[in-house]
There are 2 protein chains.
Amino acid sequence: MDLTRRQKEILSFIQKEIEEKGISPSVREICGHFGLKSTSGVHRILKALERKGYLASAPGKKRSWRPTRLQGGLYKKRLSVLGQIAAGLPIDAQEEVLEELPVDSGLFGQEGCFGLYVRGDSMTGLHIKDGDIAIIRPSRDVEDGEVAAVMVEGVISEATLKIVRKKKGRVELHAANPLYEPLVFEGADAEGVKILGRLVGLIRRGI
Amino acid sequence: MDLTRRQKEILSFIQKEIEEKGISPSVREICGHFGLKSTSGVHRILKALERKGYLASAPGKKRSWRPTRLQGGLYKKRLSVLGQIAAGLPIDAQEEVLEELPVDSGLFGQEGCFGLYVRGDSMTGLHIKDGDIAIIRPSRDVEDGEVAAVMVEGVISEATLKIVRKKKGRVELHAANPLYEPLVFEGADAEGVKILGRLVGLIRRGI
DNA sequence: TATTATAGTGAACATTTGTTCACTATACAA
DNA sequence: TTGTATAGTGAACAAATGTTCACTATAATA
């Protein structure tokens, strides 16, 4: 019940194609990859792989040859989109993942980033639109003038994007839109400002 | 960006079929399941789901409609950034790849997309900044009013982002910035407008 | 030797299937 | 009202594709 060299080659080609492209190769595409000129030889090999239990197909249906065993693909670290973050919960709470984007989170400089759907028009001055996905790198603190995802205990119950301005003894949260007044926190109130992380990137889809 | 009821039904049917049977349903199988008698209506819905980023397909290939997310992340294809495209060269010329982003190009609805670095401020009205990476889906043509990467023979020697407006016998290329005058091409000149593809997404790094 | 399993070529067939075009209809908003 | 987005029907085209038949060739084995 062992596989011949050709059978192994074709089986692994099919696995690779499905992994890379998401659809199974046609018989002619398999021929092309191996420089073969006739489909019937490949078709016979597919039948052999089916008989030996490595492939399955829906007879007559296009691109239906596929492996029976799911190759346990270890996918790269993906980017989680956390829609709303309940107050007090740590960022790494996994229950809130709304979506996993097929993006290596290292794209934005460091792993461990996460995404937040942007709602509203408070950041249009920085060309961040409603519907965008803001990429946040977790951090307890940011520099003066940087954009951060923040929550304020008792005031803002979900994460919002703000420009953080630090003055002596107070913290100002500015929108990038003149229609919105800055929020100013002084003294003890400034302690309530919780910084979730710094804005490091943006993804926009469905334009 | 929301889905209609029909769109949700069809998306979830495709997900279920792939999960249960291992291959994507054909357009006619989708019709059959919902008791519809014509494929073109379903096809239009598939295109809508593609435009909204929920499905991807390999155009013309059988049974290639499949989810881009919320399902199995089998797709690892990366996104190539083509900085400048020399006039006359086909889009698929691989020599111009400036960078490979660790992003599944299916994130933006369809495989085969590529990126272009955005330079200048001509698209700030659409909140596209200098330094952004515009994600382009190759296409010979776009609908009136859509944003596209275009070249004009003898006038624009590298790809630029423009809003394409089609009138009778002429083509207008608008910037999304009142500082820039639209370019108007009439008659024979309109033939020189080469559309490289449609804007489908955006990535911003290093904020 | 004869037999068997495996591979490959070449041609052809019949379907499946994605895609498009031209209509119609409905709901909703400007 | 007009326009726009969404759905649906019906017909048709062109290409992709699985499958089969008839051949040849090579290596291993009884």
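None of the values given here were measured: they were computed from a predicted structure. Values below: every heavy atom of this structure, side chains too, minus hydrogens, waters and symmetry copies. Chain A is the first sequence line, chain B the second, and so forth, proteins listed ahead of strands; every chain is numbered from 1.
Side-chain nitrogen and oxygen atoms of A:R44 include none within less than 4.0 Å of the OP1 or OP2 phosphate oxygen of D:dT19. Contact check, B:R6 against D:dG8: a side-chain N or O comes under 4.0 Å of OP1 or OP2. Distances shown here put every side-chain N or O of B:S38 at or beyond 4.0 Å from the OP1 or OP2 atom of D:dT9. Distances shorter than 4.0 Å separate some side-chain N or O of A:R63 from OP1 or OP2 on D:dT17. Close to D:dT19, at under 4.0 Å from its OP1 or OP2, lies a side-chain N or O of A:H43.
Ion pair A:R63/A:E29 flagged as a salt bridge, since at least one NZ, NE, NH1 or NH2 atom sits closer than 4.0 Å to an Asp/Glu carboxylate oxygen.
Separating the CG atom of A:L49 from the P atom of C:dA5 is a distance of 17 Å, rounded to the nearest angstrom. Distance, B:I23 CD1 to C:dT16 P: 13 Å, rounded to whole Å. Atoms NZ (A:K37) and C1' (D:dT24) sit 15 Å apart, rounded to a whole Å. Residue A:E17 contributes atom CD, which lies 16 Å from atom C1' of D:dT17 at whole-angstrom precision. Taking atom CG on A:L36 and atom P on C:dG10, their separation rounds to 11 Å, with Å as the unit. The separation between A:K8 atom NZ and C:dT6 atom C1' is 15 Å, rounded to whole Å. Straight-line distance from the CG atom of B:L55 to the P atom of C:dG18: 12 Å, rounded to whole Å. What separates CD1 of A:I10 from P of D:dG18 is a distance of 13 Å, to the nearest Å.
The aromatic rings of A:H43 and A:W65 sit perpendicular to each other, their planes meeting at more than 60°, with 30° as the lower class boundary. Ring geometry for A:H33 against A:F13 counts as parallel: the plane angle stays under 30°, on a 0 to 90° scale with 60° as the upper cut.
Base contact: A:K62 has a heavy atom under 4.0 Å from a base atom. Heavy atoms of B:L46 sit nowhere under 4.0 angstrom from any nucleic acid atom. Residue B:R28 is in base contact, counting any heavy-atom pair closer than 4.0 Å across all strands shown.
Of the two residues contacting DNA chain C, namely B:W65 and A:R5, the nearest-nucleotide position lying further toward the 5' end is that of A:R5.
Considering only side-chain atoms of B:S40, the nucleotide from D:dT19, C:dA22, C:dG8 that sits closest is C:dA22. In the set D:dT17, D:dT20, C:dT17, the nucleotide with an atom closest to the side chain of A:K61 is C:dT17. Here the side chain of B:S26 is nearest to one of D:dT20, C:dG18, D:dG8, namely C:dG18.
Remark: B:R28 engages no residue in a side-chain hydrogen bond (donor to acceptor under 3.5 Å, both in side chains) (not counting sequence neighbours).
The base of D:dT17 lies outside donor-acceptor range of the side chain of A:T39, with no N or O pair under 3.5 Å.
Counting only distance, with no hydrogens or angles, the side chain of A:R44 and the backbone of A:V42 share no donor-acceptor pair below 3.5 Å. Formation of a donor-acceptor pair under 3.5 Å by the B:D132 side chain with backbone atoms of B:V118 is not found in this model.
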